[in-house]
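On a predicted model such as this, the values are computed, not experimentally measured, just so you know.
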Amino acid sequence: MPDSNTPGAPEVAALLAEREHLRAVLRMMPVGVSIVDARGQLVEANPTAESIWGPRAPRVELEDYGFFEGYWPGSDRRLEPHEWALARTLRDGQPVANEEVDVIAFDGTRRTLLNSTTPLRDAQGAILGAVAVHVDITTRRQAEHAEAFLAEAFLAEATRLLVESLDWESTLQAVARLATRHLAEGCIIDVLGDDGELHRLAVAAREPSRDALLREALRYPPKVGGTSPVARVFTEGRSLLLQDITPEHLDVHARDPEHRRLLEALAARACMAVPLALGERRLGVINFVLYTPGRRYTERELGYAEELARRAAFVVEHARLYREAQGALRARDTSLALLEAFLSASPVGMGFIDRELRYVHVNPVLATINGKPREAHLGRRVNEVLPELEESERIAHLLRGVMESGEPRLSWEGVVPPRAGLPPRPVRASFFPVKVEGETLGLGGIVLDETERKRVEADLRFLAEATTRMSTSLDLGTTLESTARMVAEHLADYCLVDLRTEDGQGLTRVVAVAREPGSQPLLEEALRASPVSHPQSPILQVLESGRALLVPEVTEVMLDEVSIDARHQRVLEHLRPRSVMVVPLIARERSLGVLTVVSQDPLRRYTKHDLTLLEDLARRAALAVDNARLFRRAEQAVRERDDFVAMATHELRTPLSALSLQLAALQRSVDTGHPPTPERLHQSLVTAQRQTERLERLVNDLLDVSRISTGQLHLEPEEVELSAMVHWLVTRFEDKLAEAGVVAEVHTAGPVVARVDRLRVEQVLMNLLSNAAKYAPGLPVELRLEREERWVALSVMDHGPGISPEAQARIFEPYQRASGKHSRHSLGLGLYVARQIARAHGGELTVASTPGQGCRFTLRLPLDTVPGSEPPR
């Protein structure tokens with residue numbers, strides 16, 4: 001009897017039918033499909049799979065998968081048996097998706113496959129086998145390689161055009177035409193000219209019908225700093241990929257209606273604009289345009305465009321160096337002398353090497369970079385000229401490659417070793433084949449000494465860090481200390497900072513910092529031996545002249561000249577200054593102080609470059625000093641404002657309180673039915689009148705200060721006989737003078753007529769008389785009127801205690817009050833307003849006083865009122 005689990009004939013027939021159906025489906029699939037059992041043996045494969053593995057692939061198990069030859073892409077490592085996707089899926093039960101692998105097919109051809117595998121499980125989840133799908137992507141990879149090869153060929157051809165000719169305008173036109181064959185349907189190249197504007201040097205179109213339109217476009221190069229997309233590419237240095245050009249884009253790009261019409265006629269559909277740049281330097285823009293509807297640029301094409309622009313930018317940059325020799329290069333028979341002159345004057349190193357890699361010509365700059373005379377180069381190879389150069393063999397290999405391939409090598413970087421006391425120098429070089437009628441005769445080389453550029457970068461970093469340090473604090477001492485220490489670290493062995501004193505008459509040292517701790521005591525000793533304000537001090541001379549001083553090498557004679565005695569000379573000898581720079585700290589056209597740096601290194605000699613860097617730093621330091629001082633003054637002004645408000649409030653409240661008390665007393669007397677007696681009423685009214693006058697005087701002073709500060713102190717001049725005015729004024733002021741026990745004596749030399757503002761002149765004289773009565777009570781006061789050529793002098797002299805010299809300098813400043821018992825009865829504005837009135841007339845108010853012997857105030861006025869003229873002192 002048959003087993004109940006054994007399928008009968010119908011079941012077998014059904015299974016066979018399903019298998020045939022599966023085979024039919026597999027035969028129609030365009031990809032290879034292989035089915036294996038749990039041991040890895042092949043169960044089924046379609047024809048596509050058999051075309052890879054063979055029609056009779058061996059029935060091997062997992063451990064025998066090494067029979068198949070496969071390699072990981074991009075390497076020569078062969079797959080181990082357990083690394084095949086099918087083996088990993090059968091082992092781990094995990095699917096594998098789109099794994100790329102290179103295999104050797106049964107016919108010996110190498111193919112690239114994308115393998116995907118998935119396990120086959122029964123109802124309980126046990127692995128029964130696996131299915132593998134093989135997608136042959138060999139053709140696609142070959143197409144990609146072919147595209148890359150064509151792109152490289154295009155770039156190589158463009159590079160050849162760029163380096164074969166020194167006529168870079170025509171070369172760029174050739175590159176534009178080449179671009180229209182491979183990368184664009186239209187190409188436009190704009191290059192920065194010597195005038196700082198972009199100029200359209202090359203245009204080309206694939207279709208001749210657009211040539212005329214593009215030639216019209218020569219009149220519309222982008223504007224530097226403009227807002228159009230191409231202008232921003234130049235300004236920002238970033239490429240633009242515009243897949244769909246809309247009318248809105250044309251509106252932004254158009255310069256005028258005619259330009260808008262031209263852009264619309266060109267009918268561009270998409271474009272790429274890439275900058276011509278060399279490092280941070282912008283040289284121009286290349287614009288690649290598509291006119292065919294539906295065409296779009298890819299990121300890969302943008303990469304090719306950027307690589308072309310990079311190579312073109314390098315050549316454009318260096319081609320500028322050859323402009324003067326273009327005619328000589330086109331006429332080889334007569335160009336040798338011109339070429340020699342050009343190479344000798346070139347600011348970069350240049351040389352030519354023959355097919356044996358021997359120097360046939362070097363210019364002076366290249367000889368200097370290599371540290372050997374030109375004669376030592378000729379007929380020798382690079383490794384013979386620079387045997388200590390570690391990369392000499394690699395350079396020789398690079399030169400042979402350029403010679404054999406005919407392709408230039410751009411922007412090679414290296415380091416020239418130290419020679420003859422010179423430090424190592426970083427260089428950047430480019431090598432290109434030199435051809436005549438297609439035959440390569442040798443190589444040309446351009447070598448740039450990068451020392452200066454790297455030094456400039458270091459200087460910029462230094463200035464940026466210094467600026468950051470100086471901006472972190474508004475404390476003057478902290479700012480200068482931080483700046484000096486940074487200068488000592490970067491530029492000097494020691495650094496000094498001297499600031500102008502508050503009175504502006506001298507200098508004071510605020511910072512002295514030495515790099516080495518042992519030098520710090522010597523700096524302090526030098527200051528004690530020779531103060532910075534000494535007349536022979538170079539520091540003081542720089543402060544007064546406002547011009548920087550550079551001493552590249554300090555000699556013994558110089559030390560003798562600046563030393564003031566033997567002690568000072570000994571200190572200078574111990575400090576060992578070898579090179580010195582002294583620069584002024586100037587802000588808002590004022591010299592605030594001096595910054596001094598000193599090198600003690602015999603090999604360190606300051607140059608004009610170092611001086612320029614220090615002057616830049618000094619400008620920033622001066623601004624920091626000025627800001628710190630302004631901040632300090634602002635704080636002081638706020639304090640003075642608060643003091644003045646408090647003082648003004650007190651001064652105004654005092655007469656108001658007194659007046660209020662008098663009025664309140666009178667009011668109470670009337671309300672209680674006991675009116676004051678005539679004597680008491682008269683006394684109260686007199687007191688009220690005095691307080692009112694005091695209030696009026698305070699308010700008028702404040703109003704005058706406001707008018708003066710806003711430039712609104714206006715005069716109303718008239719013809720005034722000053723002698724009569726003085727007598728009238730003394731008579732009017734007689735009662736108040738009498739209260740103070742003061743007798744006024746007037747001395748005039750006859751009538752004197754001047755054109756002045758009578759009320760304002762009376763205000764000045766009343767202020768002077770009031771001060772005399774206040775500070776010299778009981779003593780006589782003299783008024784004298786004298787004529788001095790075109791001037792008249794009005795003097796008020798008292799016999800009081802006088803004014804100290806220190807006080808004389810400030811009594812004419814606003815809010816400056818005298819000391820003593822009278823300081824509480826004034827805002828300190830009278831003399832300030834009086835002097836401003838005198839100056840508004842074109843005159844002056846001065847004081848002369850000897851303590852204990854009284855003081856004399858003199859008002860000098862021009863007889864004809866000529867503002868701006870200088871009165872006699």
Side-chain angles (χ1 to χ4, degrees), residues 466 470 476-477 479-481 483-484 487-488 491-513 522-565 567-569 571-572 575 577-599 606-630 632-633 805-806 809-810 870 873:
M470 288 185 285
L476 185 60
T479 298
L480 293 177
E481 178 77 16
T483 302
V487 171
L491 279 177
D493 291 297
Y494 56 89
C495 175
L496 312 173
V497 181
D498 304 291
L499 292 184
R500 194 186 289 273
T501 56
E502 291 294 336
D503 59 7
Q505 301 303 312
L507 279 174
T508 179
R509 181 150 297 163
V510 293
V511 176
V513 175
L522 291 174
L523 290 180
E524 298 170 1
E525 176 66 19
L527 179 60
R528 289 192 294 270
S530 174
V532 293
S533 57
H534 191 275
Q536 297 179 6
S537 171
I539 296 175
L540 188 60
Q541 296 171 10
V542 168
L543 177 73
E544 297 301 331
S545 67
R547 293 192 297 271
L549 172 66
L550 170 63
V551 183
E553 184 172 1
V554 178
T555 64
E556 296 294 335
V557 175
M558 293 178 183
L559 291 180
D560 292 340
E561 291 176 351
V562 298
S563 60
I564 59 175
D565 53 32
R567 175 191 173 195
H568 186 215
Q569 187 171 15
V571 174
L572 291 178
L575 283 172
R578 306 294 187 182
S579 190
V580 178
M581 292 186 293
V582 187
V583 298
L585 297 172
I586 298 177
R588 293 186 294 160
E589 300 182 355
R590 295 182 300 111
S591 292
L592 306 180
V594 177
L595 176 64
T596 306
V597 298
V598 180
S599 170
Y606 290 131
T607 64
K608 290 184 178 180
H609 174 88
D610 297 315
L611 184 64
T612 300
L613 175 64
L614 189 63
E615 287 179 318
D616 195 345
L617 175 68
R619 284 190 290 271
R620 303 177 189 214
L623 288 176
V625 170
D626 196 41
N627 288 338
R629 284 185 168 177
L630 290 175
R632 188 169 60 191
R633 290 174 183 173
E806 295 79 11
R810 59 181 176 83
E870 184 68 19
R873 303 286 180 176

Sequence neighbours excluded, every pair satisfying salt bridge (charged side-chain N to carboxylate O under 4.0 Å, His left out) that has a member inside residues 578-597 = R588-D626, R590-D626
Compare every heavy atom of P584 with every heavy atom of A618, then report the nearest pair and how far apart it is.
-> CB-O, 3.8 Å
Return the minimal non-hydrogen interatomic distance between S579 and P552, and the atom names on each side.
-> OG-O, 2.7 Å
For side chain to side chain contact (heavy atoms under 4.5 Å, CB included), just list the numbers for L611 and E615, CA-CA rounded to whole Å, side-chain angles, deciding distance to a tenth of an Å, and then say yes or no.
-> CA-CA 6 Å; L611 184 64; E615 287 179 318; 4.2 Å; yes
Residues which pass side-chain hydrogen bond (donor to acceptor under 3.5 Å, both in side chains) with T607, listed by chain and number, not counting sequence neighbours | D610
Taking the side chain as every heavy atom from C-beta outward, state whether L595 and C495 have any atom pair closer than 4.5 Å.
-> yes
Looking only at heavy atoms, which two atoms of L550 and K608 are closest? And how far apart?
-> CD2-N, 4.0 Å
For T596 and V582, work out which heavy atoms get closest and say how close.
-> OG1-CG1, 3.7 Å
Of the options L496, L617, V511, which is the one that meets V487 in a side chain to side chain contact (heavy atoms under 4.5 Å, CB included)?
-> L617
Pairwise side-chain contact, L585 with V497, heavy-atom cut-off 4.5 Å (strictly under) | yes
Please tell me if the side chains of V580 and L549 come closer than 4.5 Å, counting only heavy atoms from C-beta onward.
-> no
Return the minimal non-hydrogen interatomic distance between L592 and L543, and the atom names on each side.
-> C-CD1, 4.5 Å
Less than 4.5 Å apart, any side-chain heavy atom of E544 and any of L540?
-> yes
S591 to G546 - nearest heavy-atom pair and separation | OG-CA, 4.2 Å
Donor-acceptor contact below 3.5 Å, side chain D616 vs main chain T612 = no
Under the salt bridge (charged side-chain N to carboxylate O under 4.0 Å, His left out) test, residues paired with E553 that sit two or more places apart | R605
Heavy-atom check, side chain of V597 versus side chain of Y606, under 4.5 Å | yes
